[in-house]
Enquirer: 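This is the structure I want to talk about, given as structure tokens.
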Amino acid sequence: MLNRNGIYLIIALLAVFAGLHIGFAPEGHDGRTTMTTLLGGFAFLLMTVAIVLSTRLRAAEALFGGLDRMYQVHKYCGVIAGLLVLLHFLGVPKALPAGVSELEMSLVPSAPMGMVALILLVISLALTLNRKIPYHRWRLPHKAMGLVYLLVVGHFLLAPPIFFERFGPSGILLICTAVIGILSYLYSIAGKNRRLALEYTIESVNALERATEIVLKPVGDNLQHKSGQFAFVEVQGKGWDEPHPFTISSAPGEDRLRFTMKVLGDWTRKVREELKAGATVHVHGPYGRFDMASAGRKQIWLAGGIGLTPFLSAVREMKPGDGREIHLVYAARNSDDAIFLDELDKRAAELGNVTLVPLFSDEGNFARVDIMKTKLPDPLDSYDYFLCGPRPMVNALMKNLKAEGVGRTRIHTEAFEFR
Ligand SMILES: Cc1cc2nc3c(=O)[nH]c(=O)nc-3n(C[C@H](O)[C@H](O)[C@H](O)COP(=O)(O)OP(=O)(O)OC[C@H]3O[C@@H](n4cnc5c(N)ncnc54)[C@H](O)[C@@H]3O)c2cc1C
């Protein structure tokens, strides 16, 4: 669910820093020095926010409206910090103030530390933003970005007072955030950011059209989740590498946990081809706030392909007499690609309040606002929207719905990617 409180908090942090930094600027500092160190400070605070967000703390999830959104903010903070660091570097006065010894300054490691941090940051950001790098290769260099952070801490702690007053009010704020940032980094690399791991055994692996359903039997406690939430699935055994996020497609309260995985890359192919009943799996979670239960009475659930999974869980959970009017728009290439179509049809007939609207692109029906208009009984702005599917589809729909007068707070989206 959209929640901007986290963003407002970040803006407030930057504003407090700016107030302290400009308001208490030392007398000897000229305007250029104050402004460039302000940019450096902003960059450092945004890096700290990015690191804190990677702890996946539940409280932060509430402030940002879900873990997927936290990771988006994490990414934007990193990118904006990179740009600010560049501006900081370009803006810092290159000539020393009169009376300051060049030799003395050359012995202070702050500038070289800053330079190394800048180079590493630019390389790390280029790697991070390169979507062609597979996730398992991308993860380690990405985690190593914490070392850049430590260099930046060294850079400002050792900065000569002619450039930055580390024990001035804004310096103390940076030192406090540095402590939080370093603790958060250690917390994440120690793997503490993974929520409760429960053990399961694979009961069955079911091949579907270009997707696989895995059914998990709990060894001990079963995960307590709400429909729309997701979890990280970590197969135990050699060669399975890191945990992968998937929406839980079973209904809350079922005695088995089910995930439906589109075959997309190495890991999901391995699930389909090599995972066997009896294998052990750890499930970390639940995460996410794609909460259909807390919205208005009239809702459109729009699923693009595998984006069906949160709605599948919700439809499986729903009881007759639910009171809501739901139109489940299911966009797929054709009826073969639309997995679970028969089950959805059956559930819609049992429930009475769910209308299934299949849109098959092979028949010229796309998940577009103009096509949806012709399929829905009421004006578009009378519904709450839940969109889950490929990012270009979700972004285009969101833009067009807003153009049709649907308020942003009534459009809820789930991104199936963190990067
Ligand atoms: C919140 C969320 C819910 C999701 N729910 C579903 C679902 O219900 N069904 C489904 O089929 N897919 C879902 N996905 C997508 C699923 O996680 C990826 O398709 C899967 O991890 C791909 O792995 P791969 O190695 O086979 O493919 P790759 O080709 O390596 O990766 C494809 C995409 O998945 C991302 N990815 C790969 N590995 C990871 C990882 N360990 N952690 C995070 N991202 C990774 C990559 O960055 C890339 O964008 C969800 C993703 C998120 C973030």
Side-chain angles (χ1 to χ4, degrees), residues 3-15 17-18 36-57 60-61 63-91 113-156 173-174 176-189 191 193 242 245 287 391 395 415-419:
N3 190 339
R4 296 205 172 103
N5 289 344
I7 305 285
Y8 298 143
L9 217 61
I10 296 172
I11 295 170
L13 176 67
L14 297 180
F17 175 74
T36 49
T37 46
L38 177 73
L39 295 178
F42 279 167
F44 179 73
L45 291 174
L46 290 178
M47 282 183 201
T48 308
V49 171
I51 291 178
V52 171
L53 290 180
S54 65
T55 57
R56 301 181 187 167
L57 288 180
E61 226 194 322
L63 283 173
F64 289 89
L67 188 67
D68 56 330
R69 233 162 285 281
M70 269 164 75
Y71 274 119
Q72 279 170 13
V73 177
H74 163 93
K75 176 168 105 180
Y76 289 122
C77 284
V79 172
I80 298 170
L83 293 174
L84 290 171
V85 166
L86 266 179
L87 291 177
H88 165 75
F89 167 73
L90 295 173
M113 277 176 130
M115 183 55 91
V116 176
L118 172 65
I119 294 168
L120 290 180
L121 185 65
V122 170
I123 296 173
S124 314
L125 277 176
L127 290 177
T128 296
L129 297 176
N130 185 346
R131 299 172 63 89
K132 290 202 178 119
I133 300 177
Y135 186 88
H136 61 277
R137 295 227 177 88
W138 166 89
R139 220 163 77 112
L140 199 64
H142 187 68
K143 278 195 170 176
M145 279 180 94
L147 301 175
V148 177
Y149 184 77
L150 295 180
L151 279 172
V152 177
V153 173
H155 169 66
F156 79 74
L173 178 61
L174 289 194
C176 294
T177 50
V179 173
I180 296 171
I182 291 168
L183 289 176
S184 302
Y185 179 56
L186 295 175
Y187 180 85
S188 296
I189 56 167
N193 57 351
E242 73 284 339
Y287 293 94
R391 179 139 12 224
N395 287 349
F416 269 7
E417 57 184 54
F418 290 144
R419 278 167 78 180

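Values reported hereafter were calculated over all heavy atoms of this structure, with side chains retained and with hydrogens, waters and symmetry mates removed. Heads up: numbering here begins at 1 and tracks the sequence. What you see is a predicted model; the values in this text were computed from it and never measured.
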Enquirer: Using 30° and 60° as the class limits, which term best fits the ring planes of W138 and Y135: parallel, tilted or perpendicular?
Expert: tilted
Enquirer: Hey, what do you get for NE2 (H74) to OG1 (T128), rounding to the nearest 0.5 Å?
Expert: 7.5 Å
Enquirer: Can you pull out every salt bridge (charged side-chain N to carboxylate O under 4.0 Å, His left out) where at least one residue sits in residues 134-155? Sequence neighbours excluded, please.
Expert: none
Enquirer: So, T48 and Y149: side-chain donor and acceptor under 3.5 Å apart, yes or no?
Expert: yes
Enquirer: May I ask you to say whether E417 pairs ionically with K75, meaning some side-chain N is under 4.0 Å from a carboxylate O?
Expert: no
Enquirer: Heavy-atom count check: over 12 atoms from other residues, nucleotides or ligands less than 6.0 Å from Y187 OH?
Expert: yes
Enquirer: Looking at A81 and M47, what are the two nearest heavy atoms and their distance?
Expert: CB-CG, 3.9 Å
Enquirer: If you measure from CG on L183 to OG on S188, what distance do you get to the nearest 0.5 Å?
Expert: 11.0 Å
Enquirer: Measure the spacing between CG of D68 and CZ of F416 and express it to the nearest 0.5 Å.
Expert: 9.5 Å
Enquirer: Which heavy atom in A18 sits nearest to a heavy atom in F42, and how many Å separate them?
Expert: CB-CZ, 3.9 Å
Enquirer: Provide the closest heavy-atom pair for L118 versus F89 in the form atom of the first, atom of the second, distance.
Expert: CD2-CG, 3.7 Å
Enquirer: Could you go through F64 and L53, starting from their C-alpha distance and side-chain angles, then the distance that decides it, and tell me whether this counts as side-chain contact (heavy atoms from CB on, under 4.5 Å)?
Expert: CA-CA 10 Å; F64 289 89; L53 290 180; 3.5 Å; yes
Enquirer: Could you give the distance from NE2 (H88) to CZ (F156), rounded to the nearest 0.5 Å?
Expert: 11.0 Å
Enquirer: If you count every heavy atom of other residues, nucleotides or ligands that lies below 6.0 Å from L140 atom CG, does the total exceed 12?
Expert: no
Enquirer: Contact between Y76 and V73 at the side-chain level, heavy atoms closer than 4.5 Å - yes or no?
Expert: no
Enquirer: Side chains of M145 and L125: does their closest heavy-atom pair fall under 4.5 Å?
Expert: yes
Enquirer: Do L120 and L151 have side chains that get closer than 4.5 Å, going by heavy atoms?
Expert: yes
Enquirer: Quick one: closest heavy-atom pair of C77 and V49, and the distance?
Expert: SG-CG1, 3.9 Å
Enquirer: Report the C-alpha distance between F17 and L14 in whole Å, list the side-chain angles of each, state the deciding distance to 0.1 Å, and finish with yes or no for side-chain contact (heavy atoms from CB on, under 4.5 Å).
Expert: CA-CA 5 Å; F17 175 74; L14 297 180; 5.7 Å; no
Enquirer: Yes or no on side-chain contact (heavy atoms from CB on, under 4.5 Å) for V152 and L121, after CA distance, side-chain angles and deciding distance?
Expert: CA-CA 10 Å; V152 177; L121 185 65; over 6 Å; no
Enquirer: Taking all non-hydrogen atoms of both residues into account, name the closest pair between M113 and H155 and its distance.
Expert: SD-N, 4.0 Å
Enquirer: Might you point out which heavy atoms bring I51 and G181 nearest each other, and give the distance in Å?
Expert: CG2-O, 3.4 Å
Enquirer: To the nearest 0.5 angstrom, please state how far the NE2 atom of H136 sits from the CD atom of E242.
Expert: 7.5 Å
Enquirer: What is the distance from atom CD1 of I10 to atom CG of L46, rounded to the nearest 0.5 Å?
Expert: 7.0 Å
